[in-house]
Every structure is written in structure tokens, then in C-alpha cells.
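The structure appears right after this line, and notes come after that.
Each ligand, and each atom within it, is numbered from 1 in the order the structure gives. Model, not experiment: these values are computed from the prediction.
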Amino acid sequence: MTGLLVSVLGGVLSAVSGWLAVPWGDWAAAGTGPVTAPQPVPDTTPHSFSVDLRFATPAAEEIMSMQTRPPVHPDPGTALYASAGPIPTVTTTQMTEVDRAMVEDYGISLLQMMENAGRALAGQARRQLGGSVMGQRITVLCGAGHNGGGGLVAARRLQDWGAQVEVTLVRHPDGYHGVPQHQLRILQALGRSVRGGGLPSSGAALIIDALIGYGLNSAPRGHAADLLHWANHQAAPILALDTPSGIEVSEGQVFQPAIHAAATLTLALPKRGFLNPEVQPLLGALLLADIGVPPELYLRMGLKVPGIFATQETVPLSWHQDSGHPGVAETPAHQDDPAPLNSTRTA
Ligand SMILES: NC(=O)C1=CN([C@@H]2O[C@H](COP(=O)(O)OP(=O)(O)OC[C@H]3O[C@@H](n4cnc5c(N)ncnc54)[C@H](O)[C@@H]3O)[C@@H](O)[C@H]2O)[C@@H](O)CC1
Ligand SMILES: [K+]
């Protein structure tokens with residue numbers, strides 16, 4: 001019975017996956033005129049709706065097995081430190097409350113936070129590439145949620161700085177809404193190339209994973225799963241935004257597939273699931289970026305947060321107060337220090 005259900009679900013998902021895998025062209029918009037989403041180039045390929053079965057069945061099995069898998073609990077013996085001292089970790093519920101209070105209580109909009117997140121991400125990419133992005137090839141994988149929105153900001157800034165950026169969307173631009181849609185329309189209004197469907201080209205110097213953040217609701221599926229598989233099999237190191245996609249950040253549950261990052265730039269505060277020893281190898285070097293959450297907000301939530309960003313807007317975190325976590329790539333000592341990070345990932 002269960003096998004039948006998995007098979008039926010797999011069939012449905014494979015059809016959806018097949019639809020998502022359809023190449024939908026290149027949406028380089030005209031450089032002038034109103035900021036509206038241009039129409040995608042019609043796909044005239046005769047067999048463009050062929051069903052891709054490669055990843056659909058594992059995703060369906062993951063969804064089924066979620067019901068029975070025991071939750072993974074963080075290691076109570078570990079904590080995260082910045083140079084300012086121990087840093088509290090937060091759950092998805094707490095981060096959602098941070099987001100709500102920022103917008104509703106203090107009038108700091110999501111657009112402001114996302115711009116901060118994307119600029120910090122672009123800055124981290126620049127450091128990982130040795131201090132200059134001029135002419136460097138960077139692939140940015142963008143989901144349709146706010147994590148993807150941060151990726152779209154980073155893509156824009158990196159292109160502004162001279163990088164050759166290939167943006168790959170997880171779905172058709174018409175499926176983007178709210179602030180991520182706003183970010184996408186800026187790229188389109190600038191006439192920047194935004195590609196989707198299929199897989200990005202290989203050979204980039206760096207891959208940015210902005211597919212899924214703390215909004216993950218089950219094992220990655222559909223085209224997001226295809227892109228995670230693809231990224232993990234590239235030679236280039238991966239820089240993950242907020243969390244490697246495929247990790248549930250409150251309990252630290254690792255789904256399949258999940259990104260194996262060389263570095264993770266997490267936003268505002270580190271997530272509690274990062275304390276799980278199973279998660280730590282997937283994070284690579286862990287860095288924390290300031291997105292503008294004021295200390296008053298943390299105080300109201302009962303979170304003791306030291307002056308983390310007193311000297312720089314992105315800080316390295318470690319699992320021990322005096323030394324880096326064993327096996328994690330070296331983190332740059334200072335924001336202006338262009339020390340590149342090497343990939344610690346095994347494909
Ligand atoms: N205050 C903050 O912390 C801020 C957070 N931001 C970012 O926003 C993220 C949270 O944004 P959202 O709540 O929009 O969620 P996410 O963007 O993390 O995830 C939602 C998206 O992922 C897709 N998705 C979820 N589970 C999936 C699965 N199993 N397989 C395939 N696709 C799946 C959903 O369809 C949706 O498009 C954070 O992780 C962070 O990166 C920033 O944009 C700005 C401020
Ligand atoms: K991510």
C-alpha cells in the first residue's frame with residue numbers, strides 16, 4: 001500500500017519536475033522603460049515537455065519518510081562564538097518573530113533587510129574570490145522565497161562590481177512574488193540576463209546557493225532538488241546564504257539532497273540547528289552578517305547578544321571560544337582581508 005502511494009506520488013512529482021525542467025529561455029529585458037516583467041521567449045522545442053524522472057522518486061520517498069524519522073537534537077555541549085563572545089542561536093520561530101518585529105514594530109522593511117543580506121553576500125563572495133570579482137564567473141542559484149531574493153540582490157551587486165554572473169531561477173519569473181519579484185524586476189529593468197530551466201553551465205569560480213533558507217518545509221524536491229544535486233557535483237566551492245539549502249535549521253535535520261558548502265553566510269543570528277554535529281560539516285566556514293536588527297529588538301526577545309558587529313559587518317563564528325572548529329575552512333580574520341576560502345566539500 002505504502003509502495004503504491006510512493007509510486008503515485010512519485011508519478012505526480014515527476015510530472016511537475018518534468019514541467020519545471022523545461023527550458024524557458026533568457027529574460028534579458030530592454031534596458032529602459034517601465035519596470036515590468038518581460039514575456040519569456042516562447043519555447044518551440046518539439047519535445048520540451050518530456051518528463052524527467054531522475055530526481056522525482058527520491059524526493060517522493062523523502063517526503064514519505066519524514067513522517068517516521070526521529071528529530072535530530074542539537075549537541076547540548078557546543079555553542080557558537082564570535083570574537084565578542086558567545087552568540088545565542090535561534091529557531092525558525094524566533095527568526096520569524098525577528099522579521100515580524102522589524103517590519104511591524106520598527107518599520108524596518110523586508111526590502112531593507114534583503115538589501116543588507118544581498119550586499120553582505122556579495123561582499124563575502126568577493127572575499128572568497130581573493131578580493132576582486134572583476135571578470136570572475138559566478139553562478140547564483142535563486143529560489144522563489146526571501147532567500148532567493150537575497151541571492152538576486154547579490155547577483156546584481158556582483159555584476160555591478162564587474163563579475164560575470166549567471167543567475168538561474170528555480171521557477172518561471174511569473175512564479176516570483178512580493179520582494180523577490182521586486183528584486184527580479186530590477187535585474188530585468190537593467191537588461192541583465194536571467195536564465196532558468198535546465199541546469200547552469202559548469203566552470204564558474206564560485207556558486208552561490210540562495211535556493212532555500214529557513215523556509216524549507218520538507219526534503220528538497222522538483223527543480224530545487226535538481227539544482228542542489230548539480231551544485232554538489234561541481235568543482236567550484238559553494239557559498240550558502242543563511243543555511244545550506246536542504247537543512248531544517250531549528251532541529252538541524254539534514255534532508256537529501258542538501259548543499260555541501262565551503263562557507264555559509266548566516267543572517268542576523270546563527271540558527272540552532274547549526275549546533276547539530278551532523279550539520280556542521282555541511283556549513284563549511286560559518287560567517288554571520290549584520291542585516292540591521294537593532295539591539296532593542298533582541299533585548300525584548302530576551303536574547304543576550306554582545307556587540308558582534310562592533311568592528312565589521314560580517315564576522316567569522318567558531319564552535320570554540322579560542323580556536324576554529326576542526327575541519328572547517330579558515331575564515332578571514334578581517335572584513336578587508338581578501339583571504340580566499342578553499343572548498344572543503346566532497347562532491
Ligand atoms: N530577518 C531575516 O532573517 C531575513 C531573512 N531573509 C531570508 O529569507 C529566508 C526566509 O525566507 P522565506 O520565509 O521566504 O523562505 P525561504 O526562501 O527560505 O524558502 C521558501 C521558498 O522555498 C521553497 N521551498 C520550501 N521547501 C521546499 C522544498 N522542500 N523543496 C523545494 N522548494 C521548497 C518554497 O516554495 C519557497 O519558494 C531566510 O532564510 C533568509 O535567507 C532575508 O531575505 C532578509 C531578512
Ligand atoms: K540557502
Among protein heavy atoms, which sits nearest to [atom], and what does the distance come to when rounded to 0.1 Å?
{"atom": "atom 13 (O) of ligand 1", "answer": "Y214 CE1, 4.0 Å"}
{"atom": "atom 40 (C) of ligand 1", "answer": "D242 OD2, 3.3 Å"}
{"atom": "atom 43 (O) of ligand 1", "answer": "H146 O, 3.2 Å"}
{"atom": "atom 9 (C) of ligand 1", "answer": "N147 N, 3.6 Å"}
{"atom": "atom 37 (O) of ligand 1", "answer": "G145 N, 3.5 Å"}
{"atom": "atom 28 (C) of ligand 1", "answer": "R221 NH1, 3.3 Å"}
{"atom": "atom 2 (C) of ligand 1", "answer": "D99 OD1, 2.9 Å"}
{"atom": "atom 18 (O) of ligand 1", "answer": "G213 N, 2.6 Å"}

(message) Suppose you place the vertex at the K ion (ligand 2); what is the angle out to N147 OD1 and L241 O, to 10°?
(response) 80°

For ligand 1, which part of [X] has a heavy atom less than 4.0 Å away: the side chain, the backbone, both, or neither?
{"X": "I291", "answer": "side chain"}
{"X": "M95", "answer": "side chain"}
{"X": "R171", "answer": "side chain"}

At less than 4.0 angstrom from any non-hydrogen atom of [X], what atoms of ligand 1 do you find?
{"X": "L216", "answer": "25 (C), 26 (N), 29 (N)"}
{"X": "N217", "answer": "25 (C), 26 (N), 27 (C), 28 (C), 29 (N)"}
{"X": "P220", "answer": "28 (C), 29 (N), 30 (N)"}

(message) Considering only residues two or more places apart or on different chains, which pairs with a residue in residues 196-208 satisfy salt bridge (Lys or Arg N to Asp or Glu O under 4.0 Å)?
(response) none

Test item: [X] side-chain N/O and [Y] main-chain N/O as donor-acceptor pair under 3.5 Å:
{"X": "E248", "Y": "L216", "result": "no"}
{"X": "Y176", "Y": "G143", "result": "yes"}
{"X": "N232", "Y": "A258", "result": "yes"}
{"X": "N147", "Y": "L241", "result": "yes"}
{"X": "N276", "Y": "G252", "result": "yes"}

Distance-minimising heavy-atom pair for [X] and [Y]:
{"X": "S201", "Y": "T139", "answer": "O-OG1, 4.3 Å"}
{"X": "G150", "Y": "M114", "answer": "N-CG, 3.6 Å"}
{"X": "A205", "Y": "Q136", "answer": "CB-OE1, 3.8 Å"}

Ignoring hydrogens, just give me the one of [options] whose non-hydrogen atom is nearest [atom].
{"atom": "atom 33 (C) of ligand 1", "options": "L111, I212, V90", "value": "I212"}
{"atom": "atom 19 (O) of ligand 1", "options": "A144, A210, G178, G215", "value": "G215"}
{"atom": "atom 6 (N) of ligand 1", "options": "L269, L267, L265", "value": "L267"}

(message) Using a distance threshold of 3.4 Å, state whether an N, O or S atom of G143 lies below it from the K ion (ligand 2).
(response) no

(request) Output yes if D209 passes the N/O/S-under-3.4 Å test against the K ion (ligand 2); output no otherwise. (result) yes

(request) Quick one: pull up NE2 in H233 and CG in L199 and give me the separation to the nearest 0.5 Å. (result) 12.0 Å

(message) I'd like to know whether ligand 1 has A268 as a neighbour, heavy-atom separation below 4.0 Å.
(response) no

(message) Under 4.0 Å, counting heavy atoms only: does S218 come that close to any atom of ligand 1?
(response) yes

(message) Checking the N or O distance criterion of under 3.5 Å, is ligand 1 in contact with A219?
(response) yes

(request) Please say whether L211 places an N or O atom under 3.5 Å from an N or O atom belonging to ligand 1. (result) no

(message) Is there a salt bridge (Lys or Arg N to Asp or Glu O under 4.0 Å) between D160 and R192? Walk through the geometry before answering.
(response) CA-CA 11 Å; D160 293 346; R192 306 267 173 95; 2.8 Å; yes

(message) Applying a strict under-4.5 Å side-chain criterion to I, L, V, M, F, W and Y, I'd like to know whether L299 and I108 cluster together.
(response) no

(message) Tell me whether R156 is salt-bridged to E115, with the criterion being a basic N under 4.0 Å from an acidic carboxylate O.
(response) yes

(message) My understanding is that only residues two or more places apart in sequence, or in another chain, count here; which of them pass side chain to side chain donor-acceptor pair (under 3.5 Å) with T96?
(response) none

